[in-house]
Amino acid sequence: MPPAPVAYIDLKIPDPIVQGIYDTIYDEYAPKQGQGKVQRSKGFVIDPNYRDCKIVDVHAQHWFVGMIWHHIMRTNQHNFQYDILSFDNDQIQFISYEQGGHYSWHLDDLGYIHENVIPKSLLKTENITEFQRKLSFSLLLNDNYEGGELQVLHQPKTLYRVPKQKGRLFIFDARCNHRVTKVKSGRRDVLVGWVVGPRWK
């Protein structure tokens, strides 16, 4: 039987710990916060009609990133059993969706560039990337907002609507299409990231 494409853990993080996460992020990273970008054929660009949010990269050295990694490893052992190694680029992201903020349907598995023109003999070929995103996660830091629902589509027609619950760690296959609907009021704060491993074979 194949693994379920999604899994979740209700961490029930105490409020002082959540505040400690906020303090760490705002003390060290707030000035670096920027607009969320999307991948296009010519690279990553800002497109607020497709993705409207503020993001900041958070290095994996922080204690709360280690906490998330522990639970991802346990979940992977019990559910996915994928060959995984680390967080993508050794970091995660803190994302804020303010009123009207959203992220349209997309995939986190960026894959690598396929070339349908096979190079001639003895010509050098480029190894674009050694690793591939295999798991995505979302850890909600607050729930005092309206809208902003995370929806995950597992083809062909299974739609998961992730309940809005502070402290819920939601983990899913990075090949699943997903989106965040528009925030109607308040602000949605979340930690997200991607776990990489060797290319699928």
Side-chain angles (χ1 to χ4, degrees), residues 1-15 17-18 20-21 25 36 39 51 53 55 57-60 62-97 102-111 131-145 147-181 183 188-201:
M1 177 181 292
V6 302
Y8 70 88
I9 305 171
D10 291 325
L11 298 183
K12 296 181 173 59
I13 306 174
D15 287 341
I17 301 299
V18 174
I21 294 174
I25 291 169
Q39 187 182 32
R51 185 187 190 191
C53 61
I55 70 168
D57 295 328
V58 178
H59 196 275
H62 291 294
W63 56 271
F64 55 89
V65 183
M67 173 190 70
I68 294 169
W69 181 253
H70 166 75
H71 289 289
I72 287 175
M73 290 296 287
R74 289 188 68 246
T75 303
N76 185 60
Q77 177 186 358
H78 289 282
N79 185 70
F80 300 99
Q81 297 183 355
Y82 291 167
D83 185 5
I84 58 176
L85 296 171
S86 64
F87 286 120
D88 193 9
N89 291 320
D90 203 30
Q91 64 187 18
I92 66 172
Q93 289 183 340
F94 170 74
I95 303 182
S96 287
Y97 295 87
H102 67 283
Y103 197 170
S104 299
W105 289 109
H106 65 284
L107 299 173
D108 288 338
D109 175 20
L110 301 178
F131 303 119
Q132 197 159 15
R133 289 179 179 179
K134 294 189 172 181
L135 291 175
S136 301
F137 81 85
S138 172
L139 175 59
L140 198 58
L141 296 179
N142 70 319
D143 52 18
N144 54 341
Y145 60 90
E149 182 181 56
L150 173 60
Q151 300 176 349
V152 178
L153 177 64
H154 184 236
Q155 300 292 359
K157 56 183 179 180
T158 304
L159 181 66
Y160 296 90
R161 298 176 182 272
V162 182
K164 181 177 65 175
Q165 184 171 326
K166 177 181 175 181
R168 170 166 285 189
L169 177 62
F170 189 77
I171 304 166
F172 58 99
D173 191 305
R175 296 169 293 185
C176 287
N177 218 346
H178 58 287
R179 70 175 179 177
V180 176
T181 62
V183 174
R188 178 182 189 269
D189 291 336
V190 62
L191 293 174
V192 306
W194 310 276
V195 179
V196 299
R199 293 179 185 175
W200 299 109
K201 294 182 179 179

Ring-face cation contact, Phe80 with Lys134, 6.0 Å cut, 45° max: no

Lys NZ or Arg CZ of Arg168 over Tyr8 ring: under 6.0 Å, within 45°: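 Yes, a cation-pi geometry.
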
Can you tell if the side chain of [X] reaches within under 4.5 Å of the side chain of [Y], non-hydrogen atoms only?
X      : Y      : value
Tyr160 : Gln151 : no
Val195 : Arg133 : no
Ile68  : Leu139 : yes
Phe94  : Leu141 : yes
Tyr103 : Leu150 : no
Ile25  : His62  : no
Leu140 : Lys164 : yes
Arg74  : Asn76  : no

Restricting to non-hydrogen atoms, name the atom on [X] and the atom on [Y] that form the minimum distance, rounded to 0.1 Å.
X      : Y      : answer
Leu85  : Pro198 : CD1-CD, 4.1 Å
Leu191 : Phe137 : O-CE1, 3.5 Å
Val152 : Cys176 : CG1-CB, 3.7 Å
Asn142 : Tyr145 : O-CE2, 3.4 Å
Ser138 : Arg188 : OG-NH2, 4.1 Å
Ser96  : Asp189 : OG-OD1, 2.7 Å

From Val65, Ile92, Asp90, residue fulfilling side-chain contact (heavy atoms from CB on, under 4.5 Å) relative to His59: Asp90

What's the spacing between [X] [atom1] and [Y] [atom2] if we round to 0.5 Å?
X      : Y      : atom1 : atom2 : answer
Ile17  : Lys12  : CD1   : NZ    : 16.0 Å
Asn79  : Ile72  : CG    : CD1   : 12.5 Å
His106 : Gln39  : NE2   : CD    : 11.0 Å
Asp83  : Arg199 : CG    : CZ    : 14.0 Å

Aromatic centroids of Trp69 and Phe87 separated by under 6.0 Å: yes

Ring centres under 6.0 angstrom apart (Trp194, Phe131):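 No, they do not, as the ring centres are separated by 6.0 Å or more.
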
Candidate pair His178 and Phe172, rule ring pair (Phe, Tyr, Trp, His ring centres under 6.0 Å), full reasoning: CA-CA 10 Å; His178 58 287; Phe172 58 99; 4.8 Å; yes

With Lys166, the side-chain hydrogen bond (donor to acceptor under 3.5 Å, both in side chains) member among Asp15, Asn144, Asp10: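 Looking at Asp15, Asn144, Asp10, the match for Lys166 under the side-chain hydrogen bond (donor to acceptor under 3.5 Å, both in side chains) is Asp15.
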
Thr75 vs Ile9, side chain to side chain contact (heavy atoms under 4.5 Å, CB included): CA-CA, chis, key distance, verdict: CA-CA 8 Å; Thr75 303; Ile9 305 171; 3.2 Å; yes

Verdict with supporting geometry, Leu159 and His154, side chain to side chain contact (heavy atoms under 4.5 Å, CB included): CA-CA 6 Å; Leu159 181 66; His154 184 236; over 6 Å; no

Side-chain donor/acceptor of [X] to backbone N/O of [Y], under 3.5 Å:
X      : Y      : answer
Asp57  : Gln91  : no
Asp173 : Arg175 : yes
Gln81  : Gln77  : yes

Side chain to side chain contact (heavy atoms under 4.5 Å, CB included) evaluation trace for Leu11 with His71: CA-CA 9 Å; Leu11 298 183; His71 289 289; 3.6 Å; yes

CA sep, side-chain torsions, deciding dist, call: Ser86, Val196, side chain to side chain contact (heavy atoms under 4.5 Å, CB included): CA-CA 6 Å; Ser86 64; Val196 299; 3.7 Å; yes

